[in-house]
Number of protein chains: 2
Amino acid sequence: MSIENLSREKLLELFNEELRNFSTETIMFHQNVAEKLGLNSTDHKCLDIILQNYPMTAGKLAEMTGFTTGAVTGVIDRLEKASYVYRDKDPNDRRRVIIHVNLEKVEKEILPVFTSFSQSIRELFEKYNDQEIKFLFDFLVRSRAILREESKKLR
Amino acid sequence: MSIENLSREKLLELFNEELRNFSTETIMFHQNVAEKLGLNSTDHKCLDIILQNYPMTAGKLAEMTGFTTGAVTGVIDRLEKASYVYRDKDPNDRRRVIIHVNLEKVEKEILPVFTSFSQSIRELFEKYNDQEIKFLFDFLVRSRAILREESKKLR
DNA sequence: TATTTTATCTCACGAGATAAGATATTTATT
DNA sequence: AATAAATATCTTATCTCGTGAGATAAAATA
């Protein structure tokens, strides 16, 4: 049975299921990346956040992840031990710990893991023109807004 | 700066970032659902898999999740204690443990959590005609195939 | 200066995952 | 049929990591 001949209702059902599978696959991909890097999921997620926000304080990382400061200390310990990041005291406020990224290590270890993925995604993108990309982008933005809104309602 | 006037390169960058944010938000949504249900992430994920595959054996769950059989025993113990599922011996092979779902409990506890979410998704869908849904569906399928393929390469 | 607040770290504890091996049952071999 | 091997699940010791409470050090405030 092709997707072409489905009723609207069936189509939406199928789409919902695909969305669900997509998110499962996304989660598994991230787990596999983490494992490949020798990091647990938590540390990988934190490193991801750090890479998008460095230099940043330990407290900011705790705030953004929802972890306790004690847990964050452990995360930074492990990431520092694996030499992905290093600590530095904030000269203006010596209570603060600034997390810096060891870019050389990141580029050497992490980029290769994503090379093949990035390439495949690029190839996929090539199938779409600008207008289509914008259409897909808009869908993602709307969906994400729903996810965020519904997450908030659950808390 | 509107998305309308971006170069192709910038557009793809933005899209990539949105994909990344989308997956982060997805993961957080699932965590929040689990918390709302009083389950840890692992148990929630497993329950999800069970719901899509029941009745199924404990071993199959171990295989599908990648957990050890020992860990799966713990998962089923907790899900059974929370009365989402129950164990049954396979009459044809009494070594096997069949996991059954307590549908009454699932409908009572889990469906309400998704009611608002489903409603919002429905409303989003109403913005799209069948052809557009199929276009989005196709994109998700292709993206998921890439995720699956790249996950495999990492192992 | 003394007090309070802030940022991070330490530590005891608990949840949950693994690895190895025990147990029960089925399948294969002689 | 009896014995051995394989299979499915569970048990247990051990390890990792997150939390909560409180310690420590620096900064802000009175």
Side-chain angles (χ1 to χ4, degrees), chain A residues 27-28 30-32 34-50 53-82 84-100 155, chain B residues 27-28 30-32 34-50 53-82 84-100 155:
Chain A
I27 292 168
M28 287 176 67
H30 281 277
Q31 278 175 350
N32 285 318
E35 202 168 320
K36 187 75 177 183
L37 293 173
L39 301 173
N40 65 46
S41 286
T42 297
D43 293 355
H44 180 226
K45 185 176 93 182
C46 288
L47 180 53
D48 201 54
I49 290 174
I50 294 167
N53 297 278
Y54 76 96
M56 70 191 297
T57 66
K60 184 72 186 173
L61 182 59
E63 186 196 312
M64 290 183 75
T65 56
F67 287 126
T68 60
T69 59
V72 163
T73 298
V75 169
I76 304 174
D77 282 351
R78 292 187 296 273
L79 289 178
E80 193 167 39
K81 194 170 168 190
Y84 284 113
V85 306
Y86 57 95
R87 285 178 166 93
D88 209 2
K89 284 281 181 195
D90 183 338
N92 301 317
D93 182 345
R94 296 184 44 74
R95 290 169 306 180
R96 286 204 173 99
V97 162
I98 310 280
I99 311 168
H100 294 277
R155 274 181 247 127
Chain B
I27 292 167
M28 287 177 67
H30 282 277
Q31 277 175 352
N32 285 317
E35 203 167 320
K36 187 76 176 183
L37 293 173
L39 300 173
N40 65 46
S41 285
T42 296
D43 292 356
H44 179 228
K45 184 175 94 184
C46 288
L47 180 54
D48 201 56
I49 290 175
I50 294 166
N53 297 280
Y54 76 96
M56 70 190 295
T57 66
K60 183 73 184 170
L61 182 59
E63 186 197 312
M64 290 183 75
T65 57
F67 287 124
T68 60
T69 59
V72 163
T73 298
V75 168
I76 304 174
D77 283 350
R78 291 188 296 273
L79 289 178
E80 193 167 39
K81 193 169 171 191
Y84 283 112
V85 306
Y86 57 95
R87 284 179 168 91
D88 209 1
K89 284 280 180 195
D90 183 339
N92 300 318
D93 182 345
R94 295 180 46 71
R95 290 168 305 179
R96 285 205 173 98
V97 162
I98 310 279
I99 310 169
H100 293 279
R155 276 182 245 126

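Every chain is numbered from 1, with letters handed out A, B, ... down the list of sequences.
Close to C:dA15, at under 4.0 Å from its OP1 or OP2, lies no side-chain N or O of B:Asn40.
Partners of A:Tyr86 under the ring pair (Phe, Tyr, Trp, His ring centres under 6.0 Å) rule, at least two apart in sequence or in another chain, are A:His100. Looking at residues two or more places apart in sequence or on another chain, you find a salt bridge (charged side-chain N to carboxylate O under 4.0 Å, His left out) between A:Asp48 and B:Arg20. For A:Asp93, the side chain to side chain contact (heavy atoms under 4.5 Å, CB included) partners at least two apart in sequence or on another chain are A:Asp90, A:Arg95, A:Arg96. Applying the side chain to side chain donor-acceptor pair (under 3.5 Å) test to B:Asn40 and every residue at least two apart in sequence or in another chain returns B:Asp43. Under the side chain to side chain donor-acceptor pair (under 3.5 Å) criterion, A:Asp77 pairs with A:Arg87, not counting sequence neighbours. Residues satisfying the side chain to side chain donor-acceptor pair (under 3.5 Å) test with B:His44, not counting sequence neighbours, are none.
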Which protein N or O atoms sit under 3.5 Å from an N or O of nucleotides 4-6 of chain C?
unit_1, atom_1, unit_2, atom_2, d
C:dT6, O4', A:Arg95, NH1, 3.3
C:dT6, O2, A:Arg95, NH1, 2.8

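For the segment residues 59-75 of chain B, residues with any heavy atom less than 4.0 angstrom from an atom of DNA chain D are, sorted by number, B:Gly59, B:Thr69, B:Gly70, B:Thr73.
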Show which side-chain atoms of residues 58-71 of chain A pair as donor or acceptor with protein atoms under 3.5 Å away, not counting sequence neighbours.
unit_1, atom_1, unit_2, atom_2, d
A:Thr65, OG1, A:Leu61, O, 2.8
A:Thr65, OG1, A:Ala62, O, 3.3
A:Thr65, OG1, A:Phe67, N, 3.2
A:Thr68, OG1, A:Ala71, N, 3.2

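In summary, contact between chain A and DNA chain D, defined as any nucleotide atom under 4.0 Å from a heavy atom of the protein, begins and ends at D:dC17 to D:dA27 in the 5' to 3' direction.
The side-chain heavy atoms of B:Ile76 and B:Ile99, taken from C-beta on, include a pair separated by under 4.5 Å.
Spacing between atom CZ of A:Arg87 and atom P of C:dA7 amounts to 16 Å, rounded to whole angstrom units.
Sorted by first then second residue, the salt bridge (Lys or Arg N to Asp or Glu O under 4.0 Å) pairs that include residues 64-74 of chain A, not counting sequence neighbours, number zero.
Two end axes, each from the C1' atoms of five base pairs, can be drawn for the helix from C:dT1-D:dA30 to C:dT30-D:dA1; they diverge by 10°, to 10 degrees.
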### Task
Under the side-chain contact (heavy atoms from CB on, under 4.5 Å) rule, what do B:Leu39 and B:Leu47 come out as? Steps first, then yes or no, please.
CA-CA 10 Å; B:Leu39 300 173; B:Leu47 180 54; 3.9 Å; yes

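For B:Val97 against B:Lys89, the heavy-atom pair with the smallest separation is CG2-NZ, 4.3 Å.
Within 6.0 Å of the CD atom in A:Glu35, the count of heavy atoms belonging to other residues, nucleotides or ligands does not exceed 12.
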